[in-house]
Q: 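Mind having a look at this structure? Questions to follow.
These values consider heavy atoms only, across backbone and side chains, with no hydrogens, waters or symmetry-generated copies.
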Amino acid sequence: MLRRDPTRTGSIPDRRLTAWWACVLALWGLAFGNALEGVLEVRSAYVNVDKGVFLLYARIEYPESPAISEALRDGITLTFDLDARVDRDRRFWFNAAIVDLTLRRELTYHAVSDRYVVRDTKSGDQTTFATLDEALAFLGRVDAWPILVEPQLDGGNYNISVRAGVRRGHLPSSMRAILFWTDDWARVSEWYTWSLPV
């Protein structure tokens, strides 16, 4: 009867295959991890008041890279958030939060139609685009988002702050098995703050 050498942990092809997969995952992780490099900022933002409703308008620049396109084509969903916060100034205490809202939209790639799909997670509305640039430009424009009504204001000075963020959303099941340990692929911009005209 043949006995296996207990000091031998595996065959050379097994070790090579394991090393090969480790290299592939490391390289893919580096490429995917750098996908969000680039400019991420709120370029401009303001509010208009229409019949007692404060409507937010904002222009955001999101990062663009071939790695984002590859990640989307691999079945990964990206989530784009726009946070809006209204605070009332207090003289001798912390500011009081009046409103804290998030506009959340998801970007996916539909392989059959070869189109990029933007979906509003709250309403379920979808819009499709032929290119990633068009989809990111759409995501970077927020027009007439109702964030506040006049009865919520009771005098005093108010500040409004807006911040944009992008993060990895849903993963296909094949990617979930590979990337179970990485749950921190996200970026947020600095807050863009100004005085709210009351």
Q: Please round to the nearest 0.5 Å and tell me the distance separating atom OG of S161 and atom CG of D87.
A: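 Reported to 0.5 Å precision, the distance equals 6.0 Å.
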
Q: Testing the basics here: between P63 and I68, what is the closest heavy-atom pair and its distance to 0.1 Å?
A: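 For P63 and I68, the tightest heavy-atom pair comes out as O-CD1, 3.3 Å.
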
Q: Between T193, D83, T102, D81, which is the residue that forms a side-chain hydrogen bond (donor to acceptor under 3.5 Å, both in side chains) with R163?
A: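 Result for side-chain hydrogen bond (donor to acceptor under 3.5 Å, both in side chains) with R163: D83.
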
Q: Testing the basics here: between L132 and S65, what is the closest heavy-atom pair and its distance to 0.1 Å?
A: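 Taking L132 first and S65 second, the nearest heavy atoms are CD2-O, 4.5 Å.
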
Q: How long is the gap from NE2 on H110 to CG on D114, to the nearest 0.5 Å?
A: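 Between H110 NE2 and D114 CG, I get 10.5 Å after rounding to 0.5 Å.
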
Q: Would you say the side chain of Y62 lies within less than 4.5 Å of the side chain of V39, judging by non-hydrogen atoms?
A: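 When only atoms from C-beta onward are counted, Y62 and V39 do not touch, as no gap falls below 4.5 Å.
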
Q: Testing the basics here: between A84 and I147, what is the closest heavy-atom pair and its distance to 0.1 Å?
A: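 So the minimum-distance heavy-atom pair works out to CB-CG2, 4.4 Å.
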
Q: Are Y46 and V53 linked, directly or through intermediate hydrophobic residues, by side-chain heavy-atom contacts shorter than 4.5 Å (ILVMFWY only)?
A: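 Yes, V53 and Y46 fall within the same hydrophobic cluster.
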
Q: So, for A164 and I60, which heavy atoms are closest and what is the spacing to 0.1 Å?
A: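 Result for this residue pair: CB-CG2, 3.5 Å.
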
Q: Got a second to check how far R85's CZ is from L101's CG, nearest 0.5 Å?
A: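 The CZ atom of R85 sits 12.0 Å away from the CG atom of L101.
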
Q: Determine, using the 4.5 Å side-chain heavy-atom cutoff (strictly less than), whether V118 and W145 are members of one ILVMFWY cluster.
A: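 Result: yes, single cluster for both.
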
Q: Let me see the working for D89 and N159 under side chain to side chain contact (heavy atoms under 4.5 Å, CB included), right down to the final yes or no.
A: CA-CA 7 Å; D89 286 336; N159 292 319; 3.0 Å; yes

Q: Can you name the closest pair of heavy atoms from R119 and G124 and give their distance?
A: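 Scanning both residues, the minimum pair turns out to be CG-O, 4.0 Å.
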
Q: Compare all side-chain heavy atoms of R59 with those of D143 and state whether any distance is below 4.5 angstrom.
A: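 SC-SC contact between R59 and D143 confirmed.
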
Q: Spell out, as yes or no, whether a donor-acceptor pair under 3.5 Å connects the side chain of Y158 to the backbone of G155.
A: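 Yes, the answer is positive, given that a donor and an acceptor are paired below the 3.5 Å cut-off.
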
Q: Under the 3.5 angstrom rule, does the side chain of S123 hit a backbone N or O of D125 as a donor-acceptor pair?
A: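 Here the side-chain-to-backbone pair exists.
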
Q: Tell me whether D120 contacts the main-chain N or O of K122 through its side chain, where contact means a donor paired with an acceptor under 3.5 Å.
A: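 A pair under 3.5 Å: yes.
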
Q: For the OG1 atom of T108 and the CG atom of L72, what is their distance to the nearest 0.5 Å?
A: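 These two atoms lie 7.5 Å from each other.
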
Q: Can you hop from V42 to L55 via hydrophobic side chains spaced under 4.5 Å?
A: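 V42 does not cluster with L55.
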
Q: Donor-acceptor pair, Q152 side chain versus L148 backbone, under 3.5 Å?
A: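 Absent.
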
Q: Do T128 side-chain atoms and Y116 backbone N/O form a donor-acceptor pair below 3.5 Å?
A: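 Not at all, since once roles are kept as given, no pair shorter than 3.5 Å links the two residues.
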
Q: Starting from W194, can I reach L82 by hopping between I/L/V/M/F/W/Y residues whose side chains sit under 4.5 Å apart?
A: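 They do share one cluster, since a chain of ILVMFWY contacts under 4.5 Å joins L82 to W194.
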
Q: Kindly say whether L139 contributes a backbone atom to a donor-acceptor pair with the side chain of R105 at under 3.5 angstrom?
A: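 Yes: the side chain of R105 pairs with the backbone of L139.
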
Q: Starting from V49, can I reach V162 by hopping between I/L/V/M/F/W/Y residues whose side chains sit under 4.5 Å apart?
A: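 V162 and V49: one cluster.
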
Q: Supply the atom-to-atom distance F138 CZ to F129 CZ, rounded to the nearest 0.5 angstrom.
A: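 Spacing of CZ (F138) from CZ (F129) equals 4.5 Å.
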
Q: Taking side chain as C-beta onward, heavy atoms only, is V99 less than 4.5 Å from F54?
A: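 Heavy-atom side-chain distance check fails, nothing below 4.5 Å.
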
Q: When rounded to the nearest 0.5 angstrom, what is the spacing between CD in E61 and OG in S189?
A: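 Answer for the CD-OG pair, E61 versus S189, is 11.5 Å.
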
Q: Do the non-hydrogen side-chain atoms of V47 and I160 ever get within less than 4.5 Å of each other?
A: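 Contact flag for V47/I160 side chains = yes.
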
Q: Any carboxylate oxygen within less than 4.0 angstrom of a Lys/Arg side-chain nitrogen, looking at R104 and E106?
A: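 Judged by the 4.0 Å cut-off on N to carboxylate O distance, R104 and E106 do not form a salt bridge.
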
Q: Check the pair L196 / V86 against side chain to side chain contact (heavy atoms under 4.5 Å, CB included), numbers first and verdict last.
A: CA-CA 8 Å; L196 187 67; V86 177; 4.0 Å; yes

